[in-house]
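Below: one structure, written as structure tokens.
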Amino acid sequence: MLRSRPSLRDPPQSTAVSHGVRSDVGGAFYGRRMDGGTRMTTRERTAVVQRTVDGLRVVLDGVTQDVEHGGFAAAVSALEVDRPRWVWDTMDVYPRLLQAGVRVARSWDLRLARGLLRRAAGTPGGIAALPADGWDDSAAGRDDGALSFDFGELLDAQREFDRQIAEVAASARPGALRLLITAESAGALAAAEMHHAGLPWRRDVHEQLLEGLLGPRVPVDRRPSALERLAGDIRVALGAPALNPDSPADLARALRSAGIEVDSTRAQELSRIDHPVVEPLLEYKRLARLHQANGWHWLDTWIADGRFRPDYIVSGVVTGRWATRNSGAMQLPKQIRSAVVADPGWKLVVADAAQLEPRVLAGLAQDRAMAEAGRGRDLYAGIVASGAVATRAAAKVGMLGALYGATSGEGGRLVPRLARRFPQALALVERAAKEGERGGTVATLLGRETPPVSDRQRAVDREAAVFEADERVLRQARSLSRDRGRFTRNFVVQGTAAEWALCWIADLRRRLWELAEGSFTERPHLVYFLHDEVIVHAPAGSAVAVADAVTEAARDAGRLLFADFPIDFPLDVSVVDHYDEAA
DNA sequence: CCCAAAGGCCAC
DNA sequence: AAACGTGGCCTTTGGG
């Protein structure tokens with residue numbers, strides 16, 4: 001946490017309330033008075049879902065109802081009329097509810113909250129000190145290895161919820177943490193819903209694209225004809241008849257034998273070389289990647305019933321960004337996005353936040369000059385207009401250099417120019433970097449904290465601290481320290497941007513639900529989320545209203561996090577039939 | 001046989 | 001010599 005920064009205040013629900021943001025995100029969870037450290041006022045209804053030996057137990061305001069698995073969806077549906085906050089493990093129960101046609105408005109995800117509270121800034125540390133148990137995410141890496149928990153045991157949801165509420169209430173900034181947990185919980189609902197609905201995917205379009213570029217489909221152990229032909233050209237050009245172009249080691253040897261000096265076989269390096277092998281080799285790499293990552297095998301594995309259903313991992317990244325499992329859904333190459341096609345009579349509303357991270361930095365640092373540069377539209381153009389740098393490209397490279405900690409190259413050169421014009425913003429990332437370099441932790445706006453320095457780094461530090469330490473060890477310690485500085489520097493911005501995005505999609509899913517009637521997949525609904533970008537699948541007639549909803553949700557996410565600080569979050573919004581037509 | 005590391009490339 | 005952040009996933013390679 002950048003504790004020295006006076007502007008880092010608790011942005012509690014009162015922020016939302018004062019701006020009239022109706023929210024499934026922070027909501028009025030325990031009322032805003034709680035943030036003043038006084039007392040609960042408008043207590044929200046909660047429905048705690050507990051697994052039992054043969055079914056599920058729902059406790060709504062102290063009233064217990066036991067249901068068998070088969071009756072669960074009906075019970076939830078009946079209780080949902082009161083719009084309680086569902087306290088549960090979303091991934092454990094919500095997919096089944098969606099299958100049964102039941103959608104809920106609000107939740108508190110016990111598993112995600114556990115993960116956040118284990119490592120959140122300003123908590124008393126009671127949850128951090130707990131031994132790992134079934135509420136901890138088994139997928140997440142743990143350094144202690146063994147679990148003391150017996151997985152046959154039934155987890156006590158009410159007890160865990162009580163513990164979490166107490167931890168939040170006793171924290172330094174309960175409003176911020178509550179917002180973080182409810183936003184992330186809303187994200188979990190959205191993730192399950194996006195998996196349920198699926199991204200519309202035209203197998204025939206994808207297959208046509210593959211056949212056009214690679215040739216007819218071949219068995220898995222064979223190269224498609226286009227790759228076979230290119231491999232032949234490469235072997236001839238290098239005079240290496242047995243070369244396997246898929247092997248970097250083999251390729252590097254062949255290149256050197258042909259008198260081409262390279263440090264690697266990366267496309268970027270090869271493209272700078274003047275030799276007949278370069279063209280077929282680069283083409284081979286491009287097509288081989290397509291074949292391996294998004295070829296027929298991927299199609300067979302991931303596309304069913306005209307839908308792509310990735311498994312989203314909410315908070316799968318240390319910064320709070322999402323990940324996905326196995327499908328590569330967060331690396332869909334531009335090359336194949338033409339296969340994402342709206343259903344007949346429907347549209348894709350594609351929206352991405354423009355220069356999200358610099359804007360988040362401006363808000364975090366309360367840097368009015370940078371906020372002014374981003375007023376209206378393109379923040380990089382605004383930086384040019386400010387006179388800091390000459391071109392938009394320079395503004396972008398310099399800004400990213402500042403966010404990533406560039407010290408050399410064009411980015412490194414431009415950072416000082418930005419620092420002169422935007423001292424507050426640049427000082428914030430510098431402080432974050434310094435804190436990391438000296439082995440500390442930093443936190444996002446809402447309190448997500450970096451992990452502590454690794455045991456390995458600590459060991460190197462100890463080794464480097466002794467009198468007349470080995471020069472190699474000293475170098476390694478310095479290098480690790482710098483690495484951590486770049487990590488903490490980027491963490492505050494990337495992590496807060498992830499929080500903005502959570503608030504955005506949480507508010508958006510509420511707005512989309514209220515735009516129409518009918519079942520979840522009959523209404524406009526989210527089908528894809530990628531860090532700072534969403535796709536909504538919407539009946540054509542509602543597309544304009546959806547575009548407005550997406551824009552308004554972005555505005556409200558900004559207010560939720562940054563209150564009345566005047567930083568804009570403009571979007572690029574496109575209404576299209578094919579994903580690749582989006583601006 | 002399994003597994004992890006290395007090299008590479010895709011996304012933001 | 002390294003040098004600009006967060007990831008996923010593929011193939012090759014070499015060790016147990």
Side-chain angles (χ1 to χ4, degrees), chain A residues 141 220-221 223 227 243-253 262-271 281-282 284-295 297-298 301-302 310-313 315-337 352-358 360-361 396-415 429 432-433 436 442 444 450-451 471-472 475-476 478-480 482-498 501 528-534:
Chain A
V220 283
D221 54 345
R223 274 199 185 93
L227 286 177
L243 170 68
N244 173 12
D246 291 321
S247 165
D250 207 5
L251 186 54
R253 272 192 301 272
V262 288
D263 295 323
S264 77
T265 62
R266 290 201 304 271
Q268 221 177 355
E269 182 172 355
L270 296 173
S271 66
L281 189 47
L282 291 180
Y284 182 91
K285 281 173 171 286
R286 197 173 71 86
L287 296 182
R289 164 80 191 187
L290 173 66
H291 179 232
Q292 288 158 0
N294 299 101
H297 179 67
W298 183 89
T301 309
W302 290 103
D311 296 309
Y312 290 100
I313 318 290
S315 194
V317 177
V318 65
T319 56
R321 277 186 174 183
W322 295 15
T324 58
R325 201 179 341 256
N326 301 330
S327 65
M330 302 226 144
Q331 309 128 253
L332 287 182
K334 303 252 159 82
Q335 213 178 7
I336 61 161
R337 294 185 178 185
D352 72 281
Q355 307 95 35
L356 177 59
E357 292 191 352
V360 162
L361 173 58
K396 183 173 181 176
V397 168
M399 202 60 238
L400 293 177
L403 295 178
Y404 294 161
T407 56
S408 66
E410 200 191 352
R413 271 205 324 280
L414 289 165
V415 170
V429 287
V442 298
T444 60
T450 56
E471 180 61 30
R472 190 183 47 80
R475 240 196 342 264
Q476 193 188 8
R478 267 199 302 275
S479 167
L480 288 171
R482 298 265 162 74
D483 289 349
R484 183 166 174 87
R486 289 192 300 277
F487 166 59
T488 52
R489 168 196 293 270
N490 188 249
F491 182 94
V492 292
V493 179
Q494 186 182 118
T496 305
Y528 189 62
F529 170 59
L530 179 58
H531 308 316
D532 62 356
E533 172 176 356
V534 296

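So you know, we letter chains A, B, ... as the sequences are listed, proteins then strands, and number each from 1.
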Side-chain N,O ([X]) to OP1/OP2 ([N]) below 4.0 Å:
{"X": "A:N244", "N": "C:dT12", "result": "yes"}
{"X": "A:K285", "N": "B:dC9", "result": "yes"}
{"X": "A:T265", "N": "B:dG8", "result": "yes"}
{"X": "A:K334", "N": "B:dC12", "result": "yes"}

If I take atom [atom1] in residue [X] and atom [atom2] in nucleotide [N], what distance separates them, rounded to the nearest angstrom?
{"X": "A:N294", "N": "C:dG8", "atom1": "CG", "atom2": "P", "result": "16 Å"}
{"X": "A:Q292", "N": "C:dC10", "atom1": "CD", "atom2": "P", "result": "9 Å"}
{"X": "A:F491", "N": "C:dT6", "atom1": "CZ", "atom2": "C1'", "result": "11 Å"}
{"X": "A:Q335", "N": "B:dC10", "atom1": "CD", "atom2": "P", "result": "8 Å"}
{"X": "A:L251", "N": "B:dG8", "atom1": "CG", "atom2": "P", "result": "9 Å"}
{"X": "A:H297", "N": "C:dC10", "atom1": "NE2", "atom2": "C1'", "result": "11 Å"}
{"X": "A:I336", "N": "C:dC10", "atom1": "CD1", "atom2": "P", "result": "13 Å"}
{"X": "A:M330", "N": "C:dG5", "atom1": "CE", "atom2": "P", "result": "21 Å"}

Counting any heavy atom closer than 4.0 Å, what does [X] reach on the DNA or RNA strands: base, sugar-phosphate only, or nothing?
{"X": "A:G328", "answer": "sugar-phosphate"}
{"X": "A:D483", "answer": "sugar-phosphate"}
{"X": "A:R286", "answer": "nothing"}
{"X": "A:G405", "answer": "sugar-phosphate"}
{"X": "A:R486", "answer": "sugar-phosphate"}
{"X": "A:L356", "answer": "nothing"}
{"X": "A:A288", "answer": "nothing"}

From C-beta outward on [X], which listed nucleotide comes closest to its side chain: [options]?
{"X": "A:V318", "options": "C:dG7, C:dG5, B:dA11", "value": "C:dG7"}
{"X": "A:T407", "options": "B:dA11, C:dA3, C:dT6", "value": "C:dA3"}
{"X": "A:A267", "options": "B:dG8, B:dC9, B:dC12", "value": "B:dC9"}
{"X": "A:D532", "options": "B:dC12, C:dG7, B:dG8", "value": "B:dC12"}
{"X": "A:R266", "options": "C:dC4, B:dC12, B:dC9", "value": "B:dC9"}
{"X": "A:A406", "options": "C:dC4, B:dA11, C:dT6", "value": "C:dC4"}
{"X": "A:A323", "options": "C:dG7, C:dC4, B:dC12", "value": "C:dG7"}
{"X": "A:S247", "options": "C:dT6, C:dT12, B:dC9", "value": "C:dT12"}
{"X": "A:L530", "options": "B:dC12, C:dT6, C:dC4", "value": "B:dC12"}
{"X": "A:R289", "options": "C:dG8, C:dT12, B:dC12", "value": "C:dG8"}

- Message: Between A:T407 and A:R482, does the side-chain contact (heavy atoms from CB on, under 4.5 Å) criterion hold? Intermediate values first, please.
- Response: CA-CA 11 Å; A:T407 56; A:R482 298 265 162 74; over 6 Å; no

Heavy-atom distance under 4.5 Å between the side chains of [X] and [Y], does that happen here?
{"X": "A:M330", "Y": "A:V317", "answer": "no"}
{"X": "A:Q335", "Y": "A:R286", "answer": "yes"}
{"X": "A:L530", "Y": "A:L332", "answer": "no"}
{"X": "A:T265", "Y": "A:K285", "answer": "yes"}

- Message: Would you measure the distance from the P atom in B:dG7 across to the matching atom in C:dA3 and give it in whole Å?
- Response: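 Each nucleotide's P atom is 14 Å from the other's.
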
- Message: Say we look at C:dC4 and B:dA5: how far apart would their C1' atoms be, to the nearest angstrom?
- Response: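 That atom pair is separated by 23 Å.
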
- Task: Just jot down the salt bridge (Lys or Arg N to Asp or Glu O under 4.0 Å) partners of A:D311, sequence neighbours excluded, or say none.
- Result: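 Partners of A:D311 by the salt bridge (Lys or Arg N to Asp or Glu O under 4.0 Å) criterion come out as none, since no residue qualifies.
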
- Message: With a 3.5 Å distance limit and no angle check, can you tell me whether A:E269 reaches the backbone of A:S264 through a side-chain donor-acceptor pair?
- Response: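 Checked: pair present.
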
